[in-house]
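One structure below.
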Amino acid sequence: MTHLPTNLPATAGLGFKPEHFDQIRADRRRVGFFEVHAENYLGAGGLPHAQLAALRSDYALSVHGVGLSIGAARPLDRDHLARVKALCDRYAPESFSEHLAWSSHDSGYLNDLLPLPYTEETLATVCAHIDQVQDALGRQILLENPATYVLFASSTIPETEFLRCIAARTGCGLLLDVNNLFVSCTNHRRDPWQMLADFPLDAVGEVHLGGHAVEDLPSGPLLIDAHGSAVADPVWALYAETIRRAGPLPTLVEWDNDVPAWPVLAAEAERATEILQCEAAHEPA
């Protein structure tokens, strides 16, 4: 399968956690790349930038934004976008990504990634914002599919078609979060395997994996994209099918809460590496 170009290696990476810095520097062969959240590095200097600069000298880097609010009805925050551009200019990451979500309204910001109705009006807004971001950054970005907990009666476009249209109209790539796909489908009583079959894999430039929490409700389980545990077995199975269909892709394991010791986190990346190597060798994953 032909994919949009990406400069990240088709290997397994991890989200960088400062408490692991010394162990990472002493154990340089276990991870192919690192990812950081842009909003943690918008200051001018200090220890965060000292660590990131040292990390950047040895590894490919993915910068993942969580605050551009690309799905918001209001205009993008130009000051925030300028700070993100300065960060990307400073470190020249192999990839920059953001979310198909909104987190701002009027003059306020919400500490969450909120869902969107999939309508022609929303599609036009999202595409205009992506065009603005790509023009400002001077680079193609990747857009991540969301984990959702509600559906909108006003939605008229299936999520996979919505993402396909965004990529076609803007030239951006997609970031397939397999855990988000599983969480959304489970919450809405849909088939994740069918959603994966419908997903525009030819536009995917990176894959995310992460853990989720389960709340048992009278109506059935509600999954929360918590990033506080190991990747669940059903998500690993979907990931193996993703790689079987699409071929090796840069794969990032997220573990942002209740962060474990470095060997535990590195073992998650190694499990992804095994699946990637099976595909590269044309063996069943």
Side-chain angles (χ1 to χ4, degrees), residues 3-41 48 51-66 87-88 91-99 139-145 173-181 201 204-211 225 227-231 235-236 238-240 242-243 246-257 259-280 285:
H3 296 277
L4 292 173
T6 177
N7 292 321
L8 285 176
T11 57
L14 289 170
F16 171 60
K17 298 295 176 283
E19 59 264 42
H20 295 151
F21 179 75
D22 291 338
Q23 290 169 289
I24 291 168
R25 297 285 283 173
D27 188 14
R28 300 189 181 196
R29 294 179 293 177
R30 297 185 75 174
V31 177
F33 66 97
F34 281 96
E35 183 170 279
V36 297
H37 288 174
E39 284 70 18
N40 291 335
Y41 295 90
Q51 289 184 335
L52 185 57
L55 202 70
R56 183 67 179 106
S57 67
D58 293 327
Y59 293 97
L61 180 66
S62 174
V63 173
H64 192 48
V66 296
L87 177 68
C88 289
Y91 291 104
E94 278 75 11
S95 177
F96 177 82
S97 54
E98 250 288 357
H99 296 82
R139 61 165 62 222
Q140 178 195 55
I141 73 168
L142 304 179
L143 189 69
E144 179 179 339
N145 60 298
L174 300 177
L175 192 165
L176 170 55
D177 190 310
V178 180
N179 184 63
N180 285 359
L181 184 153
L201 293 176
V204 173
E206 185 181 346
V207 173
H208 273 187
L209 299 169
D225 180 37
H227 292 190
S229 59
V231 179
V235 176
W236 281 119
L238 281 167
Y239 171 64
T242 299
I243 300 305
L249 285 164
T251 300
L252 190 282
V253 178
E254 300 178 290
W255 198 325
D256 300 319
N257 301 302
V259 177
W262 169 248
V264 175
L265 192 58
E268 290 287 276
E270 289 166 356
R271 184 166 178 179
T273 296
E274 290 174 2
I275 294 171
L276 290 164
Q277 289 176 342
C278 284
E279 170 58 29

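Below, each value reflects all heavy atoms present in this structure, side chains not excepted, and no hydrogens, waters or symmetry copies.
Here the side chains of T251 and L209 are in contact, with some heavy-atom distance below 4.5 Å. By the 4.5 Å heavy-atom criterion applied to side chains, H208 and N179 are not counted as neighbours. Using a 4.5 Å heavy-atom cutoff, the side chains of T273 and T11 are not in contact. Side-chain contact between S95 and L142 is present, with heavy atoms from C-beta onward closer than 4.5 Å. Y239 is not listed as a side-chain neighbour of L181, based on a closest heavy-atom distance of 4.5 Å or more. Counting heavy atoms from C-beta outward, W255 and V231 have side chains that stay 4.5 Å or more apart. Between P93 and C88, some side-chain heavy-atom pair lies under the 4.5 Å cut-off. Side-chain atoms of I24 and V31, non-hydrogen and from C-beta on, never get closer than 4.5 Å to each other.
A distance-only check finds a donor-acceptor pair linking the side chain of E94 to the backbone of L61 [under 3.5 Å].
The CG atom of D177 sits 4.5 Å away from the CD atom of E144 when rounded to the nearest 0.5 Å. How far CG of L174 is from CD of E206: 11.5 Å, rounded to the nearest 0.5 Å. In this structure, the separation between CG on N145 and CG on N180 is 5.5 Å, given to the nearest 0.5 Å. Going from atom CD of Q140 over to atom CG of N7 covers 9.5 Å, rounded to the nearest 0.5 Å. Here I243 contributes atom CD1 and L249 contributes atom CG; the two are 5.0 Å apart, rounded to the nearest 0.5 Å. To the nearest 0.5 Å, atom CD of residue E35 and atom CG of residue L8 are 8.5 Å apart.
Under the side chain to side chain donor-acceptor pair (under 3.5 Å) criterion, E274 pairs with no residue, sequence neighbours left out.
Closest heavy-atom contact between F33 and A60: CB-O, 3.3 Å. For P9 against G32, the heavy-atom pair with the smallest separation is CG-O, 3.9 Å.
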Using a 3.5 Å cut-off and no angle test, enumerate the donor-acceptor pairs between side-chain atoms of residues 14-21 and protein atoms at least two apart in sequence or in another chain.
from	atom 1	to	atom 2	distance (Å)
K17	NZ	D256	OD1	3.0
H20	NE2	P260	O	2.9

Legend entry - Residue pair I275, W236: steps toward the side chain to side chain contact (heavy atoms under 4.5 Å, CB included) verdict: CA-CA 9 Å; I275 294 171; W236 281 119; 3.7 Å; yes
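Screening L52, V63, V36 against Y91 for a side chain to side chain contact (heavy atoms under 4.5 Å, CB included) leaves a single residue, L52.
Ring geometry for H37 against H64 counts as tilted: the plane angle lies between 30° and 60°, on a 0 to 90° scale.
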